[in-house]
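Have a look at the structure below, then the notes.
Each chain gets a letter, A, B and so on, in the order its sequence line appears, and its residues count up from 1. Values in this document were obtained by computation on a predicted structure and should not be read as measured data. FYI, side chains are in, hydrogens and waters are out, and symmetry mates aren't considered; it's all heavy atoms of this structure.
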Amino acid sequence: MAALPDKPSLDGLERKWAERWEADATYAFDRTRPRDEVFSIDTPPPTISGSLHMGSVFGYVQTDALARFHRMRGEAVFYPMGWDDNGLPTERRVENHFGVRCDPTLAYDPDFTPPATPDPKRKQPCSRPNFVELCLALTVEDEKVFEDVWRSVGLSVDWSLTYATIGPRAQRTSQQAFLRDLARGDAYAAEAPTLWDVTDQTAVAQAELEDREQPGAYHRYGFQRSDGAGKVFIETTRPELLPACVALVAHPDDDRYRGLFGTTVTSPLFGVDVPVLAHELADPDKGSGIAMICTFGDTTDVTWWRELQLPIRNVLERNGRLRNEPPAAITTESGRAAYTGLAGKTAKQARARIVELLAEAGELEGEPTPITHPVKFYERGDRPLEIVTSRQWYIRNGGRDDDLRQQLLQRGKELRWHPPFMQQRYESWVEGLNGDWLISRQRFFGVPFPLWYPVADDGSVLHDTPIVPDQASLPVDPSSDVPPGFSADQRGRAGGFVGDPDIMDTWATSSLTPQIATGWVDDPDLFSRTFPMNLRPQGPEIIRTWLFATIVRSSAEFDRLPWSDAALNGWILDPDRKKMSKSKGNVVTPAAVLDEHGSDAVRYWAASARPGTDTALDVAQMKVGRRLSIKLLNASRFVLSRLPDDRQGDEAVTEALDRSMLRQLSGVVADATTAFEGFDYARALERTERFFWRFCDDYLELVKTRAYGEAGGTGPASAQVALALAHRTLLALFAPFLPFVTEEVWSWHETGSIHRSPWPDSTLLTTTAGDGDPVVLDVAAGVLGEVRKAKTTAQRSLRTEVARVVVTDTAVRLAALSGAAEDLREAGRIADLELVEGAEASVAVSLADQ
RNA sequence: GGGCGCUUAGCUCAGUUGGCAGAGCACCACGCUUACAACGUGGGGGUCGUCGGUUCGAGCCCGGCAGCGCCCACCA
C-alpha cells in the first residue's frame, strides 16, 4: 500500500504498470484449470509486415475489455498473441527493405549479405533459403514493434503464449492438418483454369479478389457467317483475346441468333472457324447479345468452357504477355502474320495493337465505345488478374458440393455472432462460392506443402502419387528434406523424387489459429482445456477469409465449430468518415496517439464504440476519456482520504442516502454484468460512466460533510462503509476499460492487482443496501440541483448560504427526501428546509443576503 | 442485380420489453466550493431522414421511398 498522492497524475502510468504486470505475471494463464473454467480467445494474429494503425488498436482494445471482464469473473483467461508473418506481404517488404529478390534456382549462399544500399530498380537475386532467412530476420524486428504497442495500450495477453504463422508449431500444425485433409479427401490437386496474378506470378483464391472499376471500351467487330449472309457482330472489352476465341455464345431464347446455333463463323484477322452455341448465361442485353468465348478472358468464359466442353486455346503466358507462337488453330498465313504483331506483348499492349490491325483491315465497326466496368484484381495487386491453366492444390469448402455448403451454413447458424447481423455476410459469402479453396501459391516465404513426387524412369513427375512424410517428422521442407526411402542424390533424377515447389496460402495456416494456439499437435493437455475456444474477435472484412476458413478446417477435422462466439468490430473512419487506408494516406500511427492522449483515454474511445459499429477516429472522445481518468484519480483520492486508517469495515450502512446510492449501484453492476456477458462492452462502460458522474456530482457532495465524521453517531460510519464499497465497486467496473488508472488507484490502498480482484457482486450490494430506495438519491440530487441553479442564476458562489428552501412534492417523494434532509442541508448550506405536500412539484430557494 | 447497416442537438453518438426527447464535445454565463481550474455549476439548442400504417400513445413496431456506407453477385 502506498500513501495517497497530493496531486495524482496519469503521467507515466503506462510504463509503470506494464512493467509491473510483466514482472508479476498478472495475466498468466493458469493451465491447471478445467475447460469449463477457461475463457479462451482466438486472438487475430496481426500482419506484422504492415504498419500498425488505429483500426488495429480499436479492435484489440475491445477484445481486451472482454478478456479483463472474464478474468475478474474468476475464469482462467487464455489470451495468446500470434504474428501473421508468412506470405506475400512479408516478401514484398523484404524485397523493398533489403533490395533483394528471390531466385529459387540459386543455391544457398551462407555468406550472402544484402546490398548496402538497396536499389529498388535492381534487386539483387538470392536463393530461397537466403530469402527466407531475411524474412525471418525482419519479422522478428517487426514483431517487437507490435508487442511494444500492445503492451503500452495495456492488452492483458499472456506474453508467454505467442506464436508466429511461420514458426515451427504453426508449420507443423499446418502441414499435419493438410495431410489429414489429404487423407480424408478434403484436399486434392487439380489442373484447372485459375485466377492468376501476373505480377507476383501466383495463383490467388476467390477470397482474395476484389473488383475495381476500370476504364475500358467496347470494341465491335464481326465474324463471317458460313452461309455467306454477312457477319455476326460481337462487342468485347478484350479484343486482344480474339486469337484465343473458341466459340460465340448467345441466349437460347434469343431470336436474333437462334438460327445460327450449330453453325460456324469465321473470326476476323485470324480466319479461325468457331461454333455458335447457346447458353443460359448469355445476356441478350449486354453488348450485341452474343459473346465471344475466349480461354480465358473472365470467369464466365471458364464456366462456358467447362459446360460447353470447349477446347483450350491459350495465348496468355503466366507473366501476362501473349505467347510467342500463335495457337495451332490459326492456320492461315495472314492470320499467323497478324499474330506476330501481338506476340510477346502485354495484354494491354496487345489490345492497342489489335485495334490497329482490325482498323487497318477494315474489320472494326465504328470507334471503340469507352465504358467503365468492374475488373477482378488480387486485393494486393495492381494489375488485372488473368486466368491461366495450372496444377494447384484445393481444399473442399462447399464451393462445388452442396452438402458441404449446407453443413457450413449450418455452422454459421450455430455460431453466436456479435452483433448478430454479421452472420448475413457469412451466409452471402458461402452461398456465393463458385469453387473450392485454392491454397497453393507459387511463392517462397510460407509453409511448404509437405509432399514429394516420384520421378518415373522416363523423367516424368508422377503428381498423382505423392510421397507423404511421417507426421512425427513434421515440419518438413521438401525442397531440402529427403522423403522416406530416398537419398538426397536422387532429387530430380529419373527413378528419384522431386519436392512440391509451392507454399500454402497464408490463410491455409491462419485458418488453424485455434489449433496452433491451443497446442493441437504437441500439447494435448492444453488443447483439452482450451479447445473449442470461446471467442473469435476480428474485423468484418475477413469474414470471408479468416472466419470462414477457420470454420472449414475445424468442421472437417473435428466436426464442430472452433469457437462458440464471434465478435466483429467495426471500421475506423477518419474524421471525414472515409475508411482509413494506407493508400489514402490518412493513417494515424497509434504510438503517437497513445503518447499524446494516454492509453486509458484511447481505450475509452475504442470501448465507447458499440460492437460492430463503424466509428470515426475522434480525438474529442479521447479527451473525454482522459478527463474521466483524471476524475477517477481525484474522486478516489477524496473518497480514500475520508476513510479512517483503522476502519473495521463491518459497520452497517444505516443512512437512507447511502442505502439509496448502493441500491442504484447494484442495478448498475447488474446491467454492466449482463452487457458484458452479451459481449457488449460499450454498454457496460456507458452504464458505469453515467453512474460514476452521478456518484461524484451528487452523492459525494451530499455525503461529504457527514463523511468527515464530526457529526458523531452512526452517520459517519454508514457513509464511510458505503463510500468504500461504492468506490471499490466503481474501480472494478472501470478496470476492464481503464486498466492503468484503476490499477494506480488500487495500489494506493490495496495489495495485489485490481485485474485479479473479483468482479462486483450485484446481490451483495443489494443486501448491504437493505431497504434502500433509489428515489432518495434522485430527489435529494434534484433539490440540490435547484439550489445550485438558484445560486448560479443569481451569479453567486456555490458557497453562498441559503436562508430557506421550500420543497413541494408528493408525500412519497417527500418521505424519501426526509431521510436525506440533513445531508441536503449541509451540502446546500441551507438554514431552513421545509417540505410541503402538493400536487405541483416545485423547489423555492431563498438565498441569504450578501 | 441481391442483401446488411446507418440516418436523433452545430459535431460524435446513447436511447433493449412503445409511456413527458438524452450524454459528451462545441457555444454562452457564473464560480478559485478545503477531491478535482488540465476544474466545477448552470444555460440555450432537436417537428428523432421522408411518406403511410398499427396503437389510447411511436425515436422505438410494420410497409414504401430517399441519402450514405458496406457485403455479395457469372461485370462479354
Rounded to the nearest 0.5 Å, what's the gap from CZ on R603(A) to CZ on F737(A)? Could you check?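 Answer for the CZ-CZ pair, R603(A) versus F737(A), is 9.0 Å.
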
Would one find a side-chain N or O of [X] under 4.0 angstrom from OP1 or OP2 of [N]?
{"X": "R610(A)", "N": "G15(B)", "value": "yes"}
{"X": "N434(A)", "N": "C74(B)", "value": "yes"}
{"X": "R425(A)", "N": "C4(B)", "value": "no"}
{"X": "R627(A)", "N": "G40(B)", "value": "yes"}
{"X": "Y708(A)", "N": "A35(B)", "value": "yes"}
{"X": "K704(A)", "N": "A35(B)", "value": "yes"}
{"X": "Q423(A)", "N": "C71(B)", "value": "no"}

For [X], report the nucleic acid contact type (base, sugar-phosphate, nothing); a contact means any heavy atom under 4.0 Å.
{"X": "R544(A)", "value": "sugar-phosphate"}
{"X": "T792(A)", "value": "base"}
{"X": "E689(A)", "value": "nothing"}
{"X": "A282(A)", "value": "base"}
{"X": "D211(A)", "value": "base"}
{"X": "C696(A)", "value": "base"}
{"X": "K631(A)", "value": "base"}
{"X": "E307(A)", "value": "nothing"}
{"X": "K623(A)", "value": "nothing"}
{"X": "G287(A)", "value": "nothing"}

E213(A), CD atom: more than 12 neighbouring heavy atoms under 6.0 Å: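 For E213(A), atom CD is crowded (more than 12 foreign heavy atoms under 6.0 Å).
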
Do other residues, nucleotides or ligands put more than 12 heavy atoms under 6.0 Å from the CD atom of E367(A)?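 No, CD of E367(A) has 12 or fewer neighbouring heavy atoms, counting only those of other groups under 6.0 Å.
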
In whole Å, measure the gap between the [atom1] atoms of [N] and [M] for me.
{"N": "G15(B)", "M": "G2(B)", "atom1": "P", "result": "31 Å"}
{"N": "C51(B)", "M": "G18(B)", "atom1": "P", "result": "24 Å"}
{"N": "C48(B)", "M": "A58(B)", "atom1": "P", "result": "12 Å"}
{"N": "U47(B)", "M": "G10(B)", "atom1": "P", "result": "8 Å"}
{"N": "C61(B)", "M": "U55(B)", "atom1": "C1'", "result": "10 Å"}
{"N": "C60(B)", "M": "U7(B)", "atom1": "P", "result": "12 Å"}
{"N": "C39(B)", "M": "U33(B)", "atom1": "C1'", "result": "11 Å"}
{"N": "C25(B)", "M": "G45(B)", "atom1": "C1'", "result": "14 Å"}

Can you figure out which of C36(B), A76(B), C13(B) approaches the side chain of K286(A) most closely?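 Nearest nucleotide to the side chain: A76(B).
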
Using the side-chain heavy atoms of R626(A), tell me which of these nucleotides is nearest: C74(B), A38(B), C72(B).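 The closest nucleotide is A38(B).
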
Lys NZ or Arg CZ of K623(A) over Y604(A) ring: under 6.0 Å, within 45°: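 The answer is no, since K623(A) fails at least one limit relative to Y604(A).
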
Who are the ring pair (Phe, Tyr, Trp, His ring centres under 6.0 Å) partners of [X], not counting sequence neighbours?
{"X": "Y221(A)", "answer": "none"}
{"X": "H597(A)", "answer": "none"}
{"X": "F734(A)", "answer": "F692(A)"}

Over how many whole Å does the gap from [X] atom [atom1] to [N] atom [atom2] extend?
{"X": "Q424(A)", "N": "G69(B)", "atom1": "CD", "atom2": "P", "answer": "21 Å"}
{"X": "D618(A)", "N": "A14(B)", "atom1": "CG", "atom2": "P", "answer": "12 Å"}
{"X": "D285(A)", "N": "A76(B)", "atom1": "CG", "atom2": "P", "answer": "14 Å"}
{"X": "H597(A)", "N": "G24(B)", "atom1": "NE2", "atom2": "C1'", "answer": "16 Å"}

Using a strict heavy-atom distance below 4.0 Å, which residues from residues 232-246 of chain A are in contact with RNA chain B?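 Correct list: E235(A), T236(A), T237(A).
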
How close do D697(A) and K631(A) get, heavy atom to heavy atom, and via which atoms?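 Minimum heavy-atom contact is OD1-NZ, 4.5 Å.
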
Can you label the angle between the W605(A) ring and the F58(A) ring as parallel, tilted or perpendicular, going by 30° and 60°?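 Ring orientation, 0 to 90° scale: tilted.
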
Please tabulate, one pair per line, each protein N/O and nucleotide N/O from nucleotides 5-11 of chain B that are separated by under 3.5 Å, including the distance.
none

Only Watson-Crick and G-U wobble pairs with both distances less than 3.5 Å should count. Give RNA chain B in dot-bracket notation, marking inter-strand partners with |. ((((((((.[[[[.)...(..]]]].(((((.......))))).....[[[[[..)....]]]]])))))))....

Toward the 5' end of RNA chain B, which comes first, M422(A) or I371(A), by nearest nucleotide?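 The residue whose closest nucleotide sits nearer the 5' end is M422(A).
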
When the nearest nucleotide of RNA chain B is assigned to V639(A) and to A620(A) on a heavy-atom basis, which residue is associated with the more 5' position?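 Looking at the nearest nucleotide for each, A620(A) comes out on the 5' side.
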
Working note: K413(A) + E427(A), criterion salt bridge (Lys or Arg N to Asp or Glu O under 4.0 Å); need CA distance, chi angles, decisive distance, verdict. CA-CA 9 Å; K413(A) 295 184 200 307; E427(A) 291 191 353; 3.0 Å; yes

Give me the one residue out of T299(A), D436(A), T194(A), N434(A) that meets side-chain contact (heavy atoms from CB on, under 4.5 Å) with Q206(A).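 So the option named by the test is N434(A).
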
